[in-house]
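Written below as structure tokens is the structure these notes are about.
Side chains included, hydrogens not; waters and symmetry mates left out as well; all remaining heavy atoms used.
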Amino acid sequence: LDSPTTGAMAADFILDTVAVCFAVFFMTAPLSQAIDVCGTPAKVRYVNPINLLCFSLNCITQLAYGLFLPVPPVVPCNAYGVFVGVFSTSACWYFAKKEPHEKTNW
């Protein structure tokens with residue numbers, strides 16, 4: 001017979017997996033802004049740099065928390081979030097600097 005511990009471990013694994021999947025979907029949101037800016041560089045003026053920097057800082061902090069505590073389910077989605085945050089910030093920064101005559105938030 002299955003013990004209650006086995007059922008709890010299975011539920012924990014399923015919840016961890018579902019939570020990581022949803023977190024990865026959430027972490028993809030800034031990427032859509034960066035892709036819009038790459039396609040139409042003039043859209044960089046509508047991107048708030050504080051949001052991207054805070055997003056990156058949050059993911060870096062959560063990644064450190066997950067690595068050093070350790071909390072394995074926190075690591076993959078926040079590692080992905082760090083990549084997305086750095087890429088999005090870099091892409092927007094690149095296009096903001098490329099057009100110095102435009103009024104942007106950057």
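- What you find for P73 and P76 is that their closest heavy atoms are O-CD, 3.7 Å.
- Atoms SG and CZ, from C92 and F87 in turn, are 9.0 Å apart once rounded to the nearest 0.5 Å.
- Using a 4.5 Å cut-off between side-chain heavy atoms of Ile, Leu, Val, Met, Phe, Trp and Tyr, V74 falls into a hydrophobic cluster with Y65, L69, V71.
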Could you tabulate the donor-acceptor pairs under 3.5 Å formed by side-chain atoms of residues 51-60, not counting sequence neighbours?
from: S56; atom 1: OG; to: L52; atom 2: O; distance (Å): 3.1
from: S56; atom 1: OG; to: G85; atom 2: O; distance (Å): 3.4

N/O donor to acceptor pairs below 3.5 angstrom from side-chain atoms of residues 9-31, sequence neighbours left out:
from: T17; atom 1: OG1; to: F13; atom 2: O; distance (Å): 2.8
from: T28; atom 1: OG1; to: V24; atom 2: O; distance (Å): 2.8
from: T28; atom 1: OG1; to: Y80; atom 2: OH; distance (Å): 3.0

Pairs under 3.5 angstrom only: tabulate donor-acceptor contacts from the side chains of residues 35-44 to other protein residues two or more places apart or in another chain.
none

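- Under the 4.5 Å side-chain heavy-atom criterion for Ile, Leu, Val, Met, Phe, Trp and Tyr, V47 and Y94 are members of the same hydrophobic cluster.
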